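I have placed the structure first, in the form of structure tokens, so that the comments after it can refer back to it.
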Amino acid sequence: VCGGVGARQLVWARPGAASGRTACRTRAHGLMGVSAGCMDSALRVSLLALAFCPRASGWVLFPADTLASNDVKVNSINDLLSKGNIGGLPPIFRWSAVRDLRDEDGLGGGITFAFDPSFCEDMILKFEEAQGAIKFYDFVTCDTIKDVVSSAFATWEGNNRNVYFTDVSNICESEDLWEDLKSDECTSTRCRTCPLAEVVINIFKSTPEDHSGARVQPKAVTASPLATNMQRAEGGSLRYVELQFGDNLCWYVDATFCSLFHNMEANGLPVVAIVGIILGAAFLIAAMVCAFMVYRLLKVFVYTLFASWDTDNDGQVELEEIEEAARAVFKSLKTLVKTGSPSGMGGRTIEVDDALFAVLDVFANQLNLIHLMIALFFLIFPALVLNDIFLPCWNCYDFEAAAVHEIGHILGFDHPDQYPEYNFVSDRSRYNCSEPTRGVSKDDAYDANSVMQAFLPRNPKTCLTPDDLDGLNFLYPVCSDVINESPVCVKPQRNIGWPRLLQSIVASELIPILVILALKLVAKAILGTRIKYQERMVKTQSVKNMQMARHQSMRLEVAKRRHSAQMERRMSAKASRSGSIMRRVSQSKTAPEGQRSPLNSPKAPAVDGQGTGAAGSSHAGDEEQGTGASPGRVSRDSHASGGNATGKQSQTRPRDP
């Protein structure tokens, strides 16, 4: 405890940020001050150490653009501080300290900030990591966005004991303290403010000309701020600002993962070419494998479709067969035009149904499932990696780096690379918090790694450099025995890039598996339906064939019965005819000689031809005489008739009655 401190100042000690030593200082709602005696003894050790530190490159105070637009020439830091208002604005800005412990303005009680109630809802749409073509988990939420901004505030407050920030968002929302701004005071999309917040974080309608898609809008500025060394300082004192992020840019939060690509570029590697070659080669090979499988299915489809055109049955449809089919089609169309009905294609058909079922059969039963899944994986994976992993890191902006950069504007710094003519450097060996300008000189050289360098894609910086630390200690002098010799940078590792890459791998493999299995099941179901249909058709055809066979058998049986009856009738008729002839022959033999019929006369000639003629004459005479003799003729041996002739004799047979 140091003596000589005012009655309203609280004297206390705690371990330093950079070392374990206790610091002798006073606190008035967050402001740390020391008595002169304590400061003189406390700084000796630190100044001796700082004397051996390398000189920083430089820092630029805000608003340097006002100085440049008014063509202000600056020779030294004291020259700048003595300029007064330029273009209606003070030459530099800073947050004022307080003397009264009850005063909560400025650095008293910390710089309060609040998120607009709609900030997360509107901002999360700008994070590519929260979108993605396929996602199984929300890697970026409202809490993630707020945590990133809080980490950006911690980057600055961790390097200066006099600067710290307090989040009052919950108080503003729970107490319903949000108020609407007037239209002429509104520069954001929601136009709201909270009286407790000295920094309101919201969104504005940005344009491509905005260098980083984020900006700081000072709203309330007073003159003659009180420096943290309890001395009246030059410039303006900030009372209320808006930290705004543009709505036309995309953002990412995992700087650790994306830094892999940025570091490769910093080392001179053609990152875009490397990523493009790897992903393009994988996609090309997979596309060729898939194209071969599609060709195989198409070949089966085409051949089955025109199978009937293969007239020589060699398994291929040659050009000549196609020409013949074309002529047949042309002829059929010509006949259709002339007669109104086609003449056909000579037995050729287009079997669409069979072709489709053939393709389904090849897909369901013949294509290798493993090969197909691997091909589809490398067909999908490059696109997911490119759109969801690489491009967000390459084309979007580091949200935390942008927040750190804009908070630097809030604390009073500008771009050293854009305004090197207003760049200052500090000689650490001459640092004195009671005289912050001691050891500060003008130098056009600037620090290329400064977080205040003009913010662009692929140059994310979230940690302060020695240059930034010197500028912070100039605006907010630290009067204690512990001054950070080098910037403190403790960043949480969010590590959502690798899980998102794993998500892309799973999605690239899971989607083909599900799609292929679903298609195979559908194909097999359709084929099963066709097989069942064909079985039903076979059964139906079998039933029809059986019925037709039964009908044919019945018809055959009826025909057989009819034939048997007819044969029986014919046999009966034949027997009847034979009996009648025998009776007549018998009657002619037993009759008297004068009453015998000429049919049995022994005087009939023996020659066949003459006998035939005599028999004919005798038959004719019998018909004329009405004897009732049969017109038929029979020929028998003369010995059978009882005559003495040696040749054959012809005799007529009686007709069938």
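Every value quoted in this text rests on a predicted model; they were computed, and no experiment measured them. Sequential numbering from 1 along the given sequence is applied to the chain's residues.
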* Asked: Are a donor atom and an acceptor atom from the side chains of N162 and T228 found within less than 3.5 Å of each other?
  -> yes
* Asked: If you measure only the distance, is there a donor-acceptor pair under 3.5 Å linking the side chains of S69 and T66?
  -> no
* Will you find, in the side chains of E242 and T187, an N or O donor that is under 3.5 Å from an N or O acceptor? -> yes
* To do: Check R190, Q244, R192 against D116 for a side-chain hydrogen bond (donor to acceptor under 3.5 Å, both in side chains) and give me the one that passes.
  => R192
* Asked: With a 4.0 Å cut-off, would you call K205 and D247 a salt bridge?
  -> yes
* To do: For residues F139 and Q503, determine if any side-chain heavy atom of one lies less than 4.5 Å from a side-chain heavy atom of the other.
  => yes
* **Ring centroid separation W498 to F257 under 6.0 Å** => yes
* Asked: How are the rings of H415 and Y419 set relative to one another: parallel (under 30°), tilted (30 to 60°) or perpendicular (over 60°)?
  -> parallel
* How are the rings of F390 and W394 set relative to one another: parallel (under 30°), tilted (30 to 60°) or perpendicular (over 60°)? -> parallel
* Asked: Mind checking whether F399 and F245 have parallel, tilted or perpendicular rings, split at 30° and 60°?
  -> tilted
* **Cation-pi geometry met for R215 and F204 (6.0 Å, 45°)** => yes
* Exercise: identify the closest heavy-atom pair between V72 and K83 -> CG1-CE, 3.9 Å
* SG-CZ distance between C120 and F127, expressed to the nearest 0.5 angstrom -> 9.0 Å
* **Short side-chain donor-acceptor distance under 3.5 Å, T465 and D468** => yes
* To do: Evaluate the salt bridge (charged side-chain N to carboxylate O under 4.0 Å, His left out) criterion for residues D388 and R500: first the C-alpha distance (whole Å), next the side-chain angles of each, then the deciding distance (0.1 Å), finally the verdict.
  => CA-CA 8 Å; D388 296 345; R500 290 177 60 246; 5.6 Å; no
